[in-house]
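See below for the structure under consideration.
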Amino acid sequence: MMIKNLQSNRGFVMLFAVTLSAILLTIAIGVANIAFREVKFSTNARDTNDAFFAADTGAEYALYNYDSLSPDSFTTIPDIVGLGSLGQSCAIVTVDKRISNDPDNDVIISKGYNNCNSKSVQRELQVKIPR
Amino acid sequence: MEKILKFLFRKSNKLNQGGFTQLVDFGDAISSRTKSASPKFTTGFTLVEVLVAISIFTVSLIGIMSVLASGIANTNYAKQKMIATYLAQEGIEYIRNMRDTAVLYGNGNPWEGSFKAQLSSCNDPDEDNNPCGLDEPPFGVTVCTNPSDCRLYLDNGNYSTTVSVVDSGFIRKIWMVPIGAGNTDEVKIFSRVEWTQGSGGYNVTFSENLFNWIEI
């Protein structure tokens with residue numbers, strides 16, 4: 001009878017340890033997952049700003065050179081590189097002065113990228129200038 | 001040896017015959033092992049077993065706990081980084097506002113005389129050796145003679161440059177780099193927010209080029 005009782009309790013410590021480990025592991029993975037996502041989110045916020053400021057610089061550059069571009073023409077400004085704090089951002093800008101495109105406005109489209117090579121994050125600005 | 005072979009054979013037989021529904025009965029094997037092992041050998045064996053088990057369990061717990069700790073630290077880092085991102089963005093937009101205000105409302109040559117003159121003290125082609133801090137509006141900048149002058153303080157939950165008791169832990173530096181030798185119509189603005197966390201120092205830096213494109 002005694003042996004029977006002992007035998008039915010065999011493996012309980014093992015079960016207990018495995019269960020506890022599993023619960024703790026689940027919690028740890030959950031926390032690590034949330035932390036990873038948050039870090040990704042904050043990195044994305046930084047990339048967004050890099051891309052936006054690159055696009056803004058591109059738009060300003062186009063506005064600065066706006067008068068020198070001939071009327072009723074379409075210009076693709078050579079890529080503006082070396083932007084951003086690390087010099088990795090860039091902007092691709094087009095100035096559309098064609099009357100056939102828009103009879104009333106000239107349109108500047110500036111696409112900013114956080115990283116010129118990977119082009120993973122893009123922000124685009126559109127400026128309309130009444131003729 | 002014979003017994004073990006017998007047991008294995010019996011087990012495989014049972015498995016083959018029974019399929020999935022029939023469970024293997026370990027009762028026999030355990031009792032036979034207990035019977036066959038000599039009492040001398042079993043003495044103290046449980047203690048060793050327990051020690052080994054505890055050590056394995058401890059190692060796994062340490063691993064799990066370190067993952068938990070680094071996860072919580074990363075969450076805190078992400079939070080600080082988000083705040084720093086917004087503060088650095090604010091720095092750039094503050095300078096943009098200074099440019100717009102100067103150029104739109106200034107007289108004479110406001111780009112040189114008003115905007116660039118205000119930033120001339122933060123002119124720093126190399127690095128942030130000579131940074132400025134932002135003033136409370138009306139808009140302006142002040143040179144930080146040492147980095148702690150650029151410190152941001154908490155004021156009812158807002159981040160402020162006005163010196164107060166509650167230090168936010170962030171330092172915001174603004175500086176300007178003129179672009180090109182002959183091109184006086186372009187400047188590059190840098191905005192860097194620094195903070196320390198744990199044993200490391202971190203920063204978020206943005207930059208933007210501003211042009212003198214507005215014609216009055």
Side-chain angles (χ1 to χ4, degrees), chain A residues 3-4 6-8 10-11 13-14 16-18 20-67 80 82-87 89 91 112, chain B residues 26-27 30-31 34 49-50 53-54 56-61 63-86 88-90 92-93 96 99 128 179 183 185-186 188-193 203-215:
Chain A
I3 291 164
K4 258 262 148 46
L6 270 174
Q7 278 179 359
S8 66
R10 260 178 180 277
V13 174
M14 185 67 167
F16 183 73
V18 167
L20 198 63
S21 300
I23 290 169
L24 286 173
L25 189 66
T26 313
I27 294 169
I29 288 173
V31 170
N33 189 30
I34 291 170
F36 176 67
R37 276 161 198 274
E38 280 195 30
V39 170
K40 248 173 78 174
F41 177 62
S42 64
T43 307
N44 205 36
R46 194 198 57 198
D47 292 345
T48 300
N49 272 300
D50 276 335
F52 179 80
F53 288 135
D56 203 49
T57 300
E60 291 223 355
Y61 180 73
L63 285 165
Y64 182 66
N65 291 296
Y66 175 73
D67 285 341
I80 305 164
L83 303 177
S85 58
L86 299 171
S89 309
Chain B
F26 283 99
I30 289 159
S31 58
T34 329
E49 265 185 338
V50 166
I54 286 174
I56 290 171
F57 189 59
T58 311
V59 167
S60 69
L61 265 192
I64 289 167
M65 286 302 167
S66 65
V67 168
L68 261 178
S70 70
I72 290 165
N74 278 338
T75 315
N76 210 19
Y77 166 68
K79 178 190 166 195
Q80 299 290 85
K81 196 173 174 182
M82 283 301 292
I83 296 171
T85 304
Y86 281 116
Q89 186 185 352
E90 186 188 47
I92 295 277
E93 288 181 5
R96 273 178 64 85
R99 192 275 308 265
D128 58 336
I179 300 289
N183 190 0
D185 284 341
E186 183 180 4
K188 191 166 189 173
I189 304 295
F190 286 86
S191 170
R192 172 176 290 170
V193 173
N203 73 73
V204 171
T205 311
F206 292 137
S207 95
E208 182 176 16
N209 297 32
L210 295 178
F211 291 79
N212 180 25
W213 60 271
I214 297 170
E215 294 160 0

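A, B, ... follow the sequence lines: proteins, then strands. Residue 1 opens every chain.
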Measuring heavy-atom distances to chain B, does A:D67 have an atom under 4.5 Å in its side chain, in its backbone, in both, or in neither? side chain
If you count heavy-atom pairs under 4.5 Å with chain B, which of A:S21, A:G58, A:A54, A:S89 comes out on top? A:S21
Please identify, among B:V50, B:N76, B:V204, B:T85, the residue contributing the most non-hydrogen atom pairs under 4.5 Å to chain A. B:T85
Heaviest contributor of heavy-atom pairs below 4.5 Å to chain B, chosen from A:L86, A:V39, A:N65, is A:V39
Quickly, which of A:L25, A:I29, A:I27 forms a side-chain contact (heavy atoms from CB on, under 4.5 Å) with B:L68? Name it, please. A:I27
When A:Y66, A:F52, A:F41 are compared by non-hydrogen pairs under 4.5 Å with chain B, the top option: A:F41
Heavy-atom closest pair, residues B:A78 and A:S42: O-CB, 3.7 Å
Pairs flagged by salt bridge (charged side-chain N to carboxylate O under 4.0 Å, His left out) wherever residues 34-55 of chain A is involved - sequence neighbours left out: none
The reported gap from OH in A:Y64 to CZ in B:F211 (rounded to nearest 0.5 angstrom) is 8.0 Å
Quick one: of B:I72, B:L61, B:T75, who has the most non-hydrogen atom pairs under 4.5 Å with chain A? B:T75
How many angstroms lie between CZ in B:F57 and CZ in A:F16, if you round to the nearest 0.5 Å? 7.0 Å
Toward chain B, the part of A:T43 with a non-hydrogen atom under 4.5 Å: both
Given a strict heavy-atom distance threshold of 4.5 Å, which part of B:I92 is in contact with chain A: side chain, backbone, both, or neither? side chain
How long is the gap from CZ on A:F53 to OG on B:S191, to the nearest 0.5 Å? 7.5 Å
With distance as the sole test, does A:T57 use its side chain to make a donor-acceptor pair with the main-chain N or O of B:N209 at under 3.5 Å? yes
Chain B shares the most heavy-atom pairs under 4.5 Å, among A:V31, A:L83, A:D56, with A:D56
Between A:Y61 and chain B, with a heavy-atom cut-off of 4.5 Å, which part of the residue counts as in contact: side chain, backbone, both or neither? both
Residue selection (most heavy-atom pairs with chain B, distance under 4.5 Å) from A:N33, A:L24, A:I34: A:L24
Approximate separation, where rounding is to 0.5 Å, of A:E60 CD and B:E186 CD: 9.5 Å
Shortest non-hydrogen pair, A:G82 vs B:K188, comes out as O-NZ, 3.2 Å
Interface moiety of A:I80 toward chain B, non-hydrogen atoms closer than 4.5 Å: neither
Identify which of B:M82, B:M65, B:Q80, B:K79 forms the greatest number of heavy-atom pairs closer than 4.5 Å to chain A. B:M82
Just verifying a value: how many Å separate A:L20 CG and B:S60 OG, rounded to the nearest 0.5 Å? 9.0 Å
Any donor-acceptor N/O pair, A:S85 side chain to B:T205 backbone, under 3.5 Å: yes
